[in-house]
Amino acid sequence: VTVIASSNGAMVTVDTTQTMWFAPGIGPVKLVLQIGNQTWTEELTSFMKVPGKVITLSANSDLIFDSVTQKIYASVRGNPGNITPIDPTTGNAGSAIPVGIDPGKLARSDNGKFLYVGLDGEAAVQRVDLTTQTAGLKFSLGNDPFFGPFYVDDMEVLPGNPQSIAVSRMKKGFSPRHEGVAIYDDGVQRPTVTPSHTGSNVIEFSTSADTLYGYTTESVPAGFRRMAVTQSGVTILDVTNGLINDLGDIEFEGGLIYSTGGTVINPQTLTVLGAFPGLPGIPFSVSVRPDSSIGRVFFLVQSSLDRIDQTATIRAFDLSTRQLLGTENIPSVAGDPGSLIRWGSKGLAFRTSGGQVFLIESTQL
């Protein structure tokens, strides 16, 4: 990285070993930076440590943080694929855990015991023991005689039940793709499954294993679903249209639902509480990560859809007032960014379809 120009006559150090930029105590400082033939402008303040540590992992497709081991786990496609642990404080990757073909979606039990991996190449789910760092139980998700086997669209581990997961199932190559939400206990499916065709493509548990929320991402008006989970399986309680219409993902935090497009709803009263301003909407708003412990919500936004080399932006908002607190541009993003996660007390991370993992650490977070 080369600093071409800086405002205020500031002296700026570029740490090439960790590729982080530090501005001394007279910020804000505007910099013109260059890598090869690419130039861009950044504004740094004296208290900001701008990312990024970048790890190259071949075609990784999801990230998750485990607060017990303090590691980030990345699913890395291949035949076989693997789950790669990453120490986010150093950026070092640990020993890969071999799993089945083309691992994708990840879900973690709340006690840190198990990591569940959706295998996109096998129409199955594999369980990884995070204590022993070994792959174990593998099970399929059922099939249709005409449409073929079912794959993971989304999945969540039941709160307080590390052996049980809820899976939003899908078929490949068809639209609509939904094949119902099912509950699996140690790989055994409970008999009651929600209807197929149109349903909850993305799912989120409340604080209780009895209540599951779901959202349609394939059609408008998009239906928000409340579901009851019992020993017999899962049933739909009600469907409400018009609460969220951005066809993105949802996250549950602090009793509320946050959508990728910036909408906030109360799932108990089925009311829209507001929206975060200035987001460009789907497909440019690609991830949302609320954190009620610090009163903030983060959005990962991509600048374009060229998938070659672009700038991603992280926008931070106050969770209560929904006011924008700050933005940070991340240059040299290859492919589509996604899987925005929190790690530690002041960290964020995301991956790209171009085989990158960006690790971000700042007291601002």
Side-chain angles (χ1 to χ4, degrees), residues 58-63 74-83 99-107 116-127 138-156 165-184 187 189 193-204 212 214-225 227 233-234 236 239 244-250 259-261 282-287 302 305-308 334-339 351-355:
S58 177
N60 58 84
S61 53
D62 201 11
L63 296 179
S75 54
V76 181
R77 295 187 181 275
N79 183 10
N82 71 74
I83 302 301
V99 292
I101 303 173
D102 287 343
K105 188 71 177 179
L106 301 177
Y116 290 86
V117 185
L119 300 177
D120 294 341
E122 298 187 40
V125 172
Q126 185 153 38
R127 190 164 70 191
K138 184 192 295 185
F139 57 93
S140 61
L141 301 173
N143 64 84
D144 181 273
F146 177 76
F147 295 116
F150 301 153
Y151 297 80
V152 172
D153 205 354
D154 197 9
M155 64 180 176
E156 294 288 333
I165 63 168
V167 181
S168 172
R169 307 179 304 183
M170 70 173 183
K171 51 184 176 285
K172 286 188 176 180
F174 296 90
S175 181
R177 64 180 184 266
H178 187 64
E179 283 295 339
V181 178
I183 307 295
Y184 297 85
Q189 181 186 311
V193 179
T194 64
S196 60
H197 190 272
T198 302
S200 300
N201 304 105
V202 293
I203 54 176
E204 283 285 310
L212 183 65
Y215 180 59
T216 302
T217 63
E218 293 187 272
S219 62
V220 177
F224 178 78
R225 287 164 170 79
M227 293 168 278
V234 55
I236 297 174
V239 182
I244 308 170
N245 285 311
D246 55 47
L247 301 184
D249 203 355
I250 58 172
S259 82
T260 307
I282 301 298
F284 296 98
S285 298
V286 296
S287 287
Q302 63 185 127
L305 299 178
D306 61 17
R307 298 188 176 187
I308 298 175
D336 296 328
S339 303
R351 54 87 190 170
T352 77
S353 61

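All figures in this text were calculated on a predicted structure; none of them were measured in a lab.
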Heavy-atom closest pair, residues [X] and [Y]:
X      : Y      : value
Val234 : Val181 : CG1-O, 3.0 Å
Ser168 : Ser200 : OG-O, 2.6 Å
Ser219 : Thr198 : OG-CG2, 4.3 Å
Gly118 : Val152 : CA-CG2, 4.0 Å
Ser61  : Pro103 : OG-O, 3.0 Å
Met155 : Lys105 : CE-O, 3.2 Å

Note to self: Looking at Ser353 and Asp336, would you say the former's side chain and the latter's main chain have a donor-acceptor pair under 3.5 Å?
What the structure shows: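 The answer is yes, because a donor-acceptor pair under 3.5 Å joins these two groups.
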Notebook entry, point to check: Looking at residues at least two apart in the chain, or sitting in another chain, which of them share a side-chain contact (heavy atoms from CB on, under 4.5 Å) with Asp120?
Noted result: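 Residues passing side-chain contact (heavy atoms from CB on, under 4.5 Å) with Asp120: Arg77, Asp102, Lys172.
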Between [X] and [Y], is any pair of side-chain heavy atoms under 4.5 Å apart?
X      : Y      : value
His178 : Asn201 : yes
Val193 : Arg169 : yes
Val125 : Tyr184 : no
Tyr215 : Asp246 : yes

Next item on the list: Give me the ring orientation class for Phe147 and Phe174: parallel if the planes are under 30° apart, tilted from 30 to 60°, perpendicular past 60°.
Entry: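 Perpendicular.
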Check: Say you draw a straight line from CD of Gln126 to OG of Ser75; how long is it, rounded to the nearest 0.5 Å?
Finding: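 One finds 12.5 Å between CD of Gln126 and OG of Ser75.
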Item checked: Straight-line distance of Phe284 CZ to Thr260 OG1, nearest 0.5 Å ->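 So the CZ of Phe284 and the OG1 of Thr260 are separated by 14.5 Å.
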Check: Can a donor-acceptor pair be found between the side chains of Thr216 and Arg225 at a distance below 3.5 Å?
Finding: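 Their side chains do contain a donor-acceptor pair, which is all the 3.5 Å distance test asks for.
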Note to self: Distance alone, cut at 3.5 Å: any donor-acceptor contact between the side chains of Ser339 and Asp62?
What the structure shows: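 Checked: Ser339/Asp62 side chains pair up, N/O donor to acceptor below 3.5 Å.
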Check: Salt bridge check: are Arg177 and Asp153 linked by an N-O gap of less than 4.0 Å?
Finding: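 Looking at Asp153 together with Arg177, the answer is yes, because their closest N to O distance falls below 4.0 Å.
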Next item on the list: Quick one: list whatever passes salt bridge (charged side-chain N to carboxylate O under 4.0 Å, His left out) with Glu122, sequence neighbours left out.
Entry: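 Here the qualifying residues are Lys138.
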Margin query: Could you work out, with salt bridge (charged side-chain N to carboxylate O under 4.0 Å, His left out) as the rule, every residue matching Arg127, not counting sequence neighbours?
Written below: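 In terms of salt bridge (charged side-chain N to carboxylate O under 4.0 Å, His left out), with neighbours along the sequence ignored, Arg127 is linked to Asp186.
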Note to self: Val117 vs Leu106, test: side-chain contact (heavy atoms from CB on, under 4.5 Å). Steps then yes/no.
What the structure shows: CA-CA 5 Å; Val117 185; Leu106 301 177; 3.9 Å; yes
Notebook entry, point to check: Could you go step by step and tell me if Met227 and Thr194 meet the side-chain contact (heavy atoms from CB on, under 4.5 Å) rule?
Noted result: CA-CA 9 Å; Met227 293 168 278; Thr194 64; 4.1 Å; yes
